[in-house]
2 protein chains.
Amino acid sequence: MAAWAKRLAGVRGVLLDISGVLYDSGEGGGTPIDGSVEAVARLKRSQLKVRFCTNESQKSRGELVRLLRRLGFDISEDEVTAPAPAACQILKERGLRPHLLIHDGVRPEFDQIDTSNPNCVVMADAGDDFSYRNMNQAFQLLMELERPVLISLGKGRYYKETSGLMLDVGAYMKALEYACGIEAEVVGKPSPEFFRSALQAMGLEAHQAQ
Amino acid sequence: MAAWAKRLAGVRGVLLDISGVLYDSGEGGGTPIDGSVEAVARLKRSQLKVRFCTNESQKSRGELVRLLRRLGFDISEDEVTAPAPAACQILKERGLRPHLLIHDGVRPEFDQIDTSNPNCVVMADAGDDFSYRNMNQAFQLLMELERPVLISLGKGRYYKETSGLMLDVGAYMKALEYACGIEAEVVGKPSPEFFRSALQAMGLEAHQAQ
């Protein structure tokens with residue numbers, strides 16, 4: 001048996017990243033990466049289960065899926081594991097009311113969350129909204145909390161847009177960690193819980209997925 | 001001999017910080033800290049040498065001294081050790097041409113520096129100029145360099161303004177360090193070279209100063 005065949009023996013599902021794997025974001029939404037539309041289509045025609053696992057935190061799942069469908073991908077919202085919904089679950093479980101340092105595009109994911117009188121900060125890839133003013137507001141709030149809680153949707157260093165490399169949320173997370181002398185809780189890849197929740201949605205164990 | 005007198009025996013000079021020690025910056029320039037104007041005046045009337053050692057990197061020394069004189073301090077430009085002139089010396093010695101991620105207020109300090117075709121980034125407390133766009137520009141430039149050099153004027157976590165705590169350059173330095181996988185060179189306090197240059201300007205050894 002060839003090495004790749006051995007490695008795939010017992011595999012019943014595939015987790016696919018989105019940004020930088022299926023497409024590069026950029027002007028006009030972005031462009032599909034060569035061969036990725038057909039690869040998704042072939043996987044979906046196969047016996048394998050397919051799920052999409054992303055750290056995208058500038059867009060709601062709805063917006064992301066609309067964009068991907070426009071680019072030609074066969075994908076629906078309930079096939080996507082993304083950090084914002086995972087963060088919402090944590091906020092509810094722990095009675096946390098976030099100050100949101102996020103991009104407007106992902107704000108709909110937090111519609112059901114109480115943001116009055118904040119007792120934590122949730123940060124995501126805010127792009128241009130990472131202004132000094134917005135960063136300082138989040139910083140001041142954390143410094144006022146007796147037990148500062150900072151939740152970051154991913155900790156990526158940068159990502160690729162069609163126009164070039166772009167600073168990701170992880171850089172700004174490090175800035176707030178250093179300024180406040182705290183450690184952020186990361187929701188999203190590479191957190192094992194995040195991958196587990198994606199596998200759970202597929203009904204698979206880790207050894208059954210690639 | 002009392003403990004304080006023992007400690008001061010042999011002391012011939014005093015190094016004074018400025019921000020948060022002599023004054024708090026803020027609306028209209030800032031406000032002197034209680035008793036500090038008189039304390040500087042008394043030190044200057046004493047036998048002790050006096051020098052001011054600051055990590056202020058939003059303003060040129062000229063602008064800073066004009067502000068402090070307006071607030072009532074007896075201070076002149078040649079009594080101030082500040083990181084921007086120290087950085088300029090390093091840039092010249094090493095043939096470095098910086099991309100400047102700085103506040104417009106400190107730009108005059110770099111008037112004599114060649115900034116064409118940059119081969120390093122110099123960052124200072126840029127305040128509102130720490131926009132995503134400006135941070136990303138510095139990041140992209142560092143990623144394009146074969147040997148990325150990042151020089152940071154200080155590494156403060158935050159400072160106090162009359163209106164509250166403000167993020168300092170150190171937080172943004174950490175962001176670029178993480179994103180690029182590099183370590184910045186810090187010019188300014190707490191670097192021993194920086195203190196040494198202040199002592200040298202006073203003609204004193206470390207044990208002769210407080």
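Chain naming here is simple, since letters A, B, ... match the order of the sequence lines and numbering starts at 1 in each.
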Checklist entry - CZ of B:Arg42: more than 12 outside heavy atoms within 6.0 angstrom? => result no
Checklist entry - Do you know which of B:Ala126, B:Gly170, B:Gly127, B:Gly156 has the most heavy-atom pairs under 4.5 Å to chain A? => result B:Gly127
Item to check | Under 4.5 Å from any heavy atom of chain A - which part of B:Phe130 | outcome: both
Next on the checklist: When you compare the side chain of B:Tyr132 with that of A:Tyr132, does any pair of heavy atoms fall below 4.5 Å?
Outcome noted: no
Checklist entry - Are there more than 12 heavy atoms of other residues, nucleotides or ligands under 6.0 Å from atom CD of A:Gln89? => result no
Checklist entry - Quick one: CD on A:Glu144 to CG on B:Leu165, what's the gap to the nearest 0.5 Å? => result 8.5 Å
Item to check | A:Glu205, CD atom: more than 12 neighbouring heavy atoms under 6.0 Å | outcome: no
Checklist outcome for this item: Of all heavy-atom pairs linking A:Asn136 and B:Leu167, the shortest is OD1-N, 2.7 Å
Checklist entry - Can you tell me if NZ on B:Lys189 sees more than 12 non-hydrogen neighbours from other groups inside 6.0 Å? => result yes
Checklist entry - Taking B:Ala175, B:Gly181, B:Gly164, B:Cys180 one by one, which has the highest count of heavy-atom pairs under 4.5 Å against chain A? => result B:Ala175
Item to check | Per-residue contact mode, B:Met143 against chain A (heavy atom under 4.5 angstrom) | outcome: side chain
Item to check | Residues, nucleotides or ligands: over 12 heavy atoms within 6.0 Å of B:Glu185 CD | outcome: yes
Checklist entry - Do side-chain atoms of B:Gln140 reach the backbone of A:Met166 as a donor and acceptor pair under 3.5 angstrom? => result no
Next on the checklist: Just checking B:Asp34: does its CG atom have more than 12 heavy atoms from other residues, nucleotides or ligands closer to it than 6.0 angstrom?
Outcome noted: no
Checklist entry - Nearest 0.5 Å, what's the OH-OH distance between B:Tyr178 and A:Tyr158? => result 11.0 Å
Next on the checklist: Would you say CZ of B:Arg97 has more than 12 non-hydrogen atoms from neighbouring residues, nucleotides or ligands within 6.0 angstrom?
Outcome noted: yes
